[in-house]
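Order of appearance sets the numbers: ligands from 1, and atoms from 1 within every ligand.
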Amino acid sequence: MPSEKSIYAPDKTLFKNAYVSSFADYKEQYNKSIDNPEEFWGEITKQFHWETPIKYDNFFRYNFDIRKGPIYTKWFDGATTNICYNVLDRNVRNGHGDQIAYYWVGNHPDDYSRLTYKRLLEEVCKFANVLKSKGVKKGDRVAVYMPMILEAVIALLACTRIGAVHSLVFAGFSADSFSERIIDCGAKVLITADGVWRGEKFLQLKSICDQAMEKCSKHGHNVDCCVVVQHLCRVTSPNRMQEHKKVYMKDGRDIWWQEAVADASTSCYPEWVQAEDPLFMLYTSGSTGKPKGVLHTTGGYMIYAATTFKYVFDYKPNDIYWCTADIGWITGHTYVVYGPLANAATSILYEGTPFYPNNDRFWEIVEKYKVTQFYTAPTAIRALMKFEDDLVKRHNLSSLRVLGSVGEPINPEAWMWYYKLVGGEKCSIVDTFWQTETGGHVLTPLPGAVPMKPGAAATPFFGVQPVLLDESGKEIQGEGEGYLVFSRPWPGIMRTLYNNHDRYESTYFSKFPGYYCTGDGARRDADGYLWVTGRVDDMLNVSGHLMSTAEVESILTEHRGVAEAAVVAKPHPVKGECLYCFITTTDQVKFDAKLLQELKHHVRERIGPFAQPDVVQNAPALPKTRSGKIMRRILRKVAVNDRNVGDVSTLADSSVVEQLFGGRPENA
Ligand code: WTA
């Protein structure tokens, strides 16, 4: 298996034509971005439209040191612009009007459509006019609960056109979670669709919204208007008309999207907003259970989304880009909507799952549309790895050039599978580390410039200054492992938590004054590469040896019998903590004493005797959120047999919890 010493150079044809085509080139530009940010970002901002120009004596200001006063970050303060104008009107003016902005690919293979930049602009203007007619004004929050359909993109851009702040909630969250978020942001308008098919699963989105709005009312918050896209009647499904008829529409509150836009004008003058005016908010989970409303502002986010997209995916005219992330997550915001559109890119918007109608749907779409950049999550890669290679091999994937990974550390086995089988050993893999809070990629190799090491997020993006700190807050120089923090802001960093600046300061800036704290750990190797080791709360200390659960997981998954592994710390009377491992086996292998011994032995071999797991439990399924993240909090409870698991509403399948408690081994 690949080790830290395995290095994969970018393919020749790739680096020759790349925007950044050598490590020296990357270094030079990186240094410029750090030493002279005004010049570096200043050149980029010139490609965008600013109604009131940027003042160079007020380019950016910040305070990251809580001891010196309130935390703040401001980029291009005083300039005005409009992101919708920049990603649509500007592109149409530059001759991209007839170019496809999105190929929409439906859940069912018979369903597809497309939208050019010109049409997208018209649709956005129409819907912006609808929002205006419903009283939505600059600064108002609009709640969005949408499947992966073109109207989702249109809705977001329509908000930004009139200066409204969108607040998307992933259309997989329960009515409870959704209502909590609507109330928190005070949204008066909600945008949704009647329903959606994902694989063979049918989701009645509107009825979830009805429940959510009812819950809001009980708490004294009323949603005045709910716009509903009629989606079910236009897709292939067994009984579409029946589903459609079931949709309840409340008089005076609910309107159909299609009827509302029918007479709306296709032009809508953009609202010029301050660079530091709010653009959108997006909730992310916090340690206390109450979600945090991460707030991004306009100018800096726009520039950062555009720049990371261009360089990290090395997007060139005529490329076909596909990010599989749902629009309800930050990856969907930055790399399905704003980043690609800011570069006049052509993207795929896919409604379905990797497994429908067959387990090769991803590869079928890549082949059909000749996708050049493909961006997905390790959890999807690991799920697809379980099937026979032929599902990948039977498709011509030679159009691919850059493969992306996001969301969690990618284990080297998954990396190699992605690299060899999907990428044919000629694609660069960009392992992009970032967060809802960072707005865009902050650590990642650049595809034509930075040689890859499987599992390493490698190098900082332009303008980003990573630092590793030890427990006492001292900077670690050279090789070492510690807390991953950033010592200065890049344009796309979050500005606050909505209505809760105190929590913003205490969550991200109080542990280590002077730094933005990611909550992740990282290791720097002898070559200066950064390896994100996982959340710091997932670190464990066995007999004084610090290790990350991600590290052990990665080693466990090297075993051919292991499809997925999750490791948590369990208190231990002598060692302090010990390892408790949950194993999902592959289809071919049974969980038995032999496998157990092999796994223990393997971990001993790969890390050291201190790392040998004390408990290995058979876990037919792991407790995952709907976005595919393993909820280790629950596993820690299983490990100590404590049934007070707390809130499980964000789990994709909550029956997993009972199964795990029932499956605890005798020695646990
Ligand atoms: C983790 C997703 C390792 C990390 C964009 C971070 C990663 C959290 C990577 C943010 C990566 C994301 N390597 N870990 N390439 N990408 N993470 O807010 O723990 O949903 O803090 O943003 O995901 O998750 P979020």
Side-chain angles (χ1 to χ4, degrees), residues 168-170 172-173 280-287 291-296 301 304-305 308-309 312 323-336 338-339 375-382 403-412 414-415 418 429-445 450 452-461 464 466 481 483-486 492-494 497 507-508 516-523 529-539 548-551 553-554 566 624-633 650:
L168 261 82
V169 174
F170 173 60
F173 271 113
F280 68 79
M281 47 189 298
L282 184 57
Y283 288 93
T284 183
S285 47
S287 49
K292 302 178 290 197
V294 169
L295 188 97
H296 285 284
Y301 175 85
Y304 200 68
T308 47
F309 177 81
V312 175
C323 168
T324 67
D326 192 278
I327 200 156
W329 307 113
I330 188 68
T331 309
H333 284 57
T334 309
Y335 300 111
V336 174
Y338 295 108
Y375 192 27
T376 196
T379 179
I381 298 169
R382 286 196 299 266
L403 301 173
S405 169
V406 61
E408 53 178 314
I410 179 167
N411 50 308
W415 194 99
Y418 203 24
I429 294 187
V430 288
D431 178 355
T432 60
F433 168 82
W434 60 298
Q435 308 175 297
T436 304
E437 294 88 337
T438 69
H441 306 139
V442 283
L443 302 180
T444 174
V450 179
M452 297 160 277
K453 295 190 185 190
T459 42
F461 190 73
V464 174
E481 180 162 347
Y483 293 91
L484 174 64
V485 301
F486 296 104
I493 191 174
M494 70 187 302
L497 290 175
T507 308
Y508 302 102
Y516 164 81
C517 189
T518 60
D520 284 287
R523 190 162 56 80
Y529 274 53
L530 289 167
W531 301 67
V532 177
T533 48
R535 301 297 301 184
V536 229
D537 22 39
D538 294 331
M539 293 281 257
S548 80
T549 52
E551 191 183 358
E553 286 163 7
S554 163
K624 289 187 182 174
T625 62
R626 295 184 184 85
S627 67
K629 277 206 177 69
I630 296 169
M631 283 181 81
R632 289 192 172 66
R633 178 169 65 77
T650 53

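Ring geometry, Tyr335 versus Tyr375: the interplanar angle exceeds 60°, so the pair is classed perpendicular (tilted spans 30 to 60°). Between Tyr301 and Phe280, the ring-plane angle classifies as perpendicular under the 30° and 60° cut-offs.
Although no hydrogens or angles enter the test, the distance criterion places a donor-acceptor pair under 3.5 Å between the side chain of Thr533 and the main chain of Gly521.
Ligand-side atoms of ligand 1 in range of Val532: 3 (C), 14 (N), range being under 4.0 angstrom from any heavy atom. Applying the 4.0 Å criterion to heavy atoms of Asp431 picks out, from ligand 1, the atoms 11 (C), 13 (N), 15 (N). The ligand atoms of ligand 1 that sit less than 4.0 angstrom from a heavy atom of Ile330 are 5 (C), 22 (O). Using a 4.0 Å cut-off to heavy atoms of Val406, the atoms of ligand 1 that qualify are 5 (C).
Looking only at side-chain heavy atoms (C-beta outward), Thr432 and Thr308 stay at 4.5 Å or farther from each other. Side-chain contact between Asp520 and Gln435 is present, with at least one heavy-atom pair separated by less than 4.5 Å. Annotation: side chain of Tyr338 is not in contact with side chain of Phe309 (no heavy-atom distance under 4.5 Å). Contact annotation: the side chain of Tyr304 approaches that of Val464 to within less than 4.5 Å [non-hydrogen atoms, C-beta and beyond].
Taken to the nearest 0.5 Å, the CG atom of Asn411 stands 9.0 Å off from the CD atom of Glu553.
With a 4.0 Å heavy-atom cut-off, ligand 1 is reached by the backbone of Thr432 but not by any atom from C-beta on. The proximity of Gln435 to ligand 1, defined as any non-hydrogen pair under 4.0 Å, involves the side chain as well as the backbone.
Taking atom 2 (C) of ligand 1 as the reference point, the nearest protein heavy-atom neighbour is Trp434 O, 3.8 Å. The protein non-hydrogen atom at the shortest distance from atom 25 (P) of ligand 1 is Thr436 OG1, 3.6 Å. At the top of the distance list for atom 3 (C) of ligand 1, counting protein heavy atoms only, stands Pro409 N, 3.1 Å.
Closest to atom 4 (C) of ligand 1 by heavy atom, among Val430, Leu530, Thr518, Asp520, is Asp520. Distances from atom 20 (O) of ligand 1 to the heavy atoms of Glu408, Glu437, His333, Lys629 put Lys629 nearest.
Between Gly407 and ligand 1 there is a heavy-atom distance shorter than 4.0 Å.
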